[in-house]
Enquirer: 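Dropping a structure here in structure tokens format, bear with me for questions.
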Amino acid sequence: MPELPEVETTRRGLIPSLKGRKILGVTKRRNKIRIAIPEDFEKRIIGCRVLSVDRRAKYLQIPLDSGDVIICHLGMSGKFTVRKIDSTPFEKHDHVIFETDRCEWIIYNDPRRFGLITLCTQGELAGHKLFKKMAVEPLGNEFNGAYLKEKLKIKKSAIKINLLDQSVVVGLGNIYVCEALNIALISPTKKASDLCIDDVERLVVIIRDVLNRAIEAGGSSLKDFVGADGDLGYFQHQFVCYGREGEYCKNPGCIGEINRINQAGRSTFYCPECQK
DNA sequence: ATGATGTCCTGGGCGC
DNA sequence: TGCGCCCAGGACATCA
């Protein structure tokens, strides 16, 4: 369940091992994760130099000096680890391994195989079907009260559903949406178009704050999340709401307790006492 | 068009 | 101790 903060943490962790490095080898240990890995994947990557490690929404984009871009999504259990090349055997769910001129292995491991790794050219990137319909980044200047209010204006569905919709705003997943709505004192079931401008303005500020704090904490939404540098990132960040069914609400002055409901097949955690 | 539901996948937790 | 069941969830497909 890596959301934007975990992907950003992974990106930052991968930069020292990938940026400017030459890829000397690629091993596919299966042909498909969630979607097929291109057949010519190894051929197109080996011998190339990595220009940078970028992020768009929950995707990593790794441009190469050949003009190709590696696209990677972590799904819900995907992670990268980096280690010096040695004789330690690969693990069961190590699906793709990159070898660099720094004598390192960059290993993509994903037990639940909800992630993906693919390739396109730099020219195809902007119009790529994975990115074409994506909305703005939540940490960018374009994500503001006026923007979000306009997006929600015609939405008859619940605010929570809309915050998860990547065509409204990208990068948010179940955890940070629950957290932000709790802190913003907004009910997840409230009809999106019914939010007043004050609610929306407050929500935008809180979403940014929650994401920024999670990035600072080094990614925290999965208890066995391993940062790209190989360091274990335990729950350094205390969730106020997510996963706390039956416990007290942490909002100042609130005496309610956290409930769990189901929205669109997903668990929503919230406090019915203070989230209106 | 929009919205609701089903699908992919495995490991972990739980009840019996 | 072990088996079966259910749940977690991002994004896309497929229905109404």
Side-chain angles (χ1 to χ4, degrees), chain A residues 1-11 29-37 55-61 71-80 90-96 108-118 120 127-135 137-138 150-181 188-194 207 211 214 219-226 232 234-235 239 241-246 258-270:
Chain A
M1 85 194 77
E3 301 181 25
L4 187 150
E6 290 72 32
V7 180
E8 180 60 22
T9 300
T10 301
R11 185 186 79 80
R29 297 183 72 234
R30 51 184 309 126
N31 292 323
K32 165 183 179 183
I33 306 175
R34 189 166 71 75
I35 63 170
I37 302 165
R55 179 188 59 74
R56 173 76 173 108
K58 299 171 194 168
Y59 288 84
L60 292 171
Q61 298 176 338
I71 299 167
C72 177
H73 193 292
L74 300 175
M76 68 172 291
S77 61
K79 55 187 168 281
F80 279 97
F90 293 118
E91 289 175 26
K92 187 177 174 185
H93 302 295
D94 290 344
H95 304 314
V96 179
Y108 179 73
N109 177 289
D110 185 3
R112 291 180 203 179
R113 305 212 296 266
F114 266 39
L116 68 85
I117 294 184
T118 190
C120 76
H128 196 285
K129 65 174 182 179
L130 291 171
F131 304 109
K132 203 174 179 175
K133 292 175 184 170
M134 274 186 182
E137 291 283 331
E150 180 64 24
K151 275 279 184 188
L152 300 179
K153 191 170 74 177
I154 56 160
K155 302 289 188 180
K156 299 187 182 90
S157 48
I159 180 61
K160 193 235 179 178
I161 307 294
N162 285 278
L163 293 178
L164 289 173
D165 184 341
Q166 304 294 298
S167 68
V168 172
V169 60
V170 301
L172 299 179
N174 206 34
I175 293 175
Y176 295 113
V177 166
C178 290
E179 293 291 290
L181 286 170
T189 62
K190 188 164 181 170
K191 194 187 199 185
S193 59
D194 284 352
I207 286 171
L211 293 177
S220 56
S221 72
L222 194 64
K223 62 175 177 292
D224 62 351
F225 175 76
V226 177
L232 214 52
Y234 289 103
F235 277 97
F239 295 135
C241 181
Y242 185 84
R244 295 187 61 246
E245 183 181 12
I258 304 298
N259 280 22
R260 183 220 290 255
I261 58 169
N262 191 291
Q263 289 180 286
R266 306 277 177 245
S267 284
T268 298
F269 296 88
Y270 80 113

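Proteins get letters first, then strands, A, B, ... in listed order; numbering begins at 1 in each.
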Enquirer: Indicate whether OP1 or OP2 belonging to C:dA11 is found under 4.0 Å from a side-chain N or O atom of A:Lys58.
Expert: yes
Enquirer: When you get a sec, tell me which of C:dC12, C:dA8, B:dG3 is the closest nucleotide to the side chain of A:Met76?
Expert: C:dA8
Enquirer: If you compare every side-chain N and O of A:Ser267 against the phosphate oxygens of C:dC7 (OP1, OP2), does one of them come in below 4.0 Å?
Expert: no
Enquirer: Across the strands shown, which category fits A:Arg34 at heavy-atom distances under 4.0 angstrom: base, sugar-phosphate, nothing?
Expert: base
Enquirer: Can you tell me how far P of C:dC12 sits from NE2 of A:His128, to the nearest Å?
Expert: 10 Å
Enquirer: Using only side-chain N and O atoms of A:Gln166, determine if any of them is under 4.0 Å from OP1 or OP2 of C:dA11.
Expert: yes
Enquirer: Is there a donor in the side chain of A:Thr268 and an acceptor in the side chain of A:Lys160, or the other way round, less than 3.5 Å apart?
Expert: yes
Enquirer: Starting at the 5' end of DNA chain B, which residue's closest nucleotide do you reach first, A:Ile154 or A:Ala264?
Expert: A:Ile154
Enquirer: How close do A:Lys79 and A:Pro111 get, heavy atom to heavy atom, and via which atoms?
Expert: NZ-CD, 4.4 Å
Enquirer: Rounded to the nearest angstrom, tell me the gap between atom NZ in A:Lys132 and atom C1' in C:dC12.
Expert: 16 Å
Enquirer: Identify whether the distance between the nearest side-chain nitrogen and carboxylate oxygen of A:Arg55 and A:Glu137 falls below 4.0 Å.
Expert: yes
Enquirer: Students often get this wrong, so: under 4.0 angstrom with heavy atoms, is A:Lys92 touching a base, only sugar-phosphate, or nothing?
Expert: sugar-phosphate
Enquirer: Looking only at the side chain of A:Ser157 (C-beta and beyond, no hydrogens), which of the listed nucleotides B:dA4, B:dT10, C:dG10 gets closest?
Expert: B:dA4
Enquirer: May I have the distance from A:Phe114 (atom CZ) to C:dA8 (atom P), rounded to whole angstrom?
Expert: 13 Å
Enquirer: Is A:Gly265 touching bases, backbone alone, or none of the nucleic acid, heavy atoms closer than 4.0 Å?
Expert: nothing
Enquirer: Considering only heavy atoms and no angle criterion, is a donor-acceptor pair shorter than 3.5 Å present between the side chain of A:Arg266 and the base of C:dG10?
Expert: yes
Enquirer: Send over the distance from A:Lys32 NZ to B:dT7 P, rounded to a whole Å.
Expert: 15 Å
Enquirer: Rounded to the Å, how far apart are A:Leu74 CG and B:dC9 P?
Expert: 19 Å
Enquirer: Is it true that A:Asn109 and A:Lys92 share a donor-acceptor pair across their side chains at a distance under 3.5 Å?
Expert: no
Enquirer: If only atom types and distance count, is the side chain of A:Arg112 paired as donor or acceptor with the main-chain N or O of A:Phe114 below 3.5 Å?
Expert: no
Enquirer: Look at A:Lys133 and C:dA11 and indicate whether a side-chain polar atom (N or O) is within less than 4.0 Å of OP1 or OP2.
Expert: no
Enquirer: Rounded to whole angstrom units, what separation is found between the CD1 atom of A:Ile35 and the C1' atom of B:dC9?
Expert: 15 Å
Enquirer: Between B:dC9, C:dA11, B:dG11, which nucleotide has the shortest distance from any of its atoms to the side chain of A:Arg113?
Expert: B:dC9
Enquirer: B:dC9, OP1 or OP2 - any side-chain N/O from A:His93 closer than 4.0 Å?
Expert: no
Enquirer: Would you mind reading off the distance between A:Ile33 atom CD1 and C:dG10 atom P, rounded to a whole angstrom?
Expert: 18 Å
Enquirer: Just to be sure I understand the rule, does A:Leu116 reach a base, reach only the sugar-phosphate, or reach nothing, if contact means heavy atoms closer than 4.0 Å?
Expert: nothing
Enquirer: Taking atom P of C:dG10 as reference, at what distance in whole Å does atom CZ of A:Phe131 sit?
Expert: 17 Å
Enquirer: Is the shortest side-chain N/O distance from A:His73 to OP1 or OP2 of C:dA11 below 4.0 Å?
Expert: yes
Enquirer: To the side chain of A:Arg112, which of B:dG3, C:dG10, B:dT10 is closest?
Expert: B:dT10
Enquirer: Which word best sums up how the rings of A:His95 and A:Tyr108 line up, parallel for under 30°, tilted for 30 to 60°, or perpendicular for over 60°?
Expert: tilted
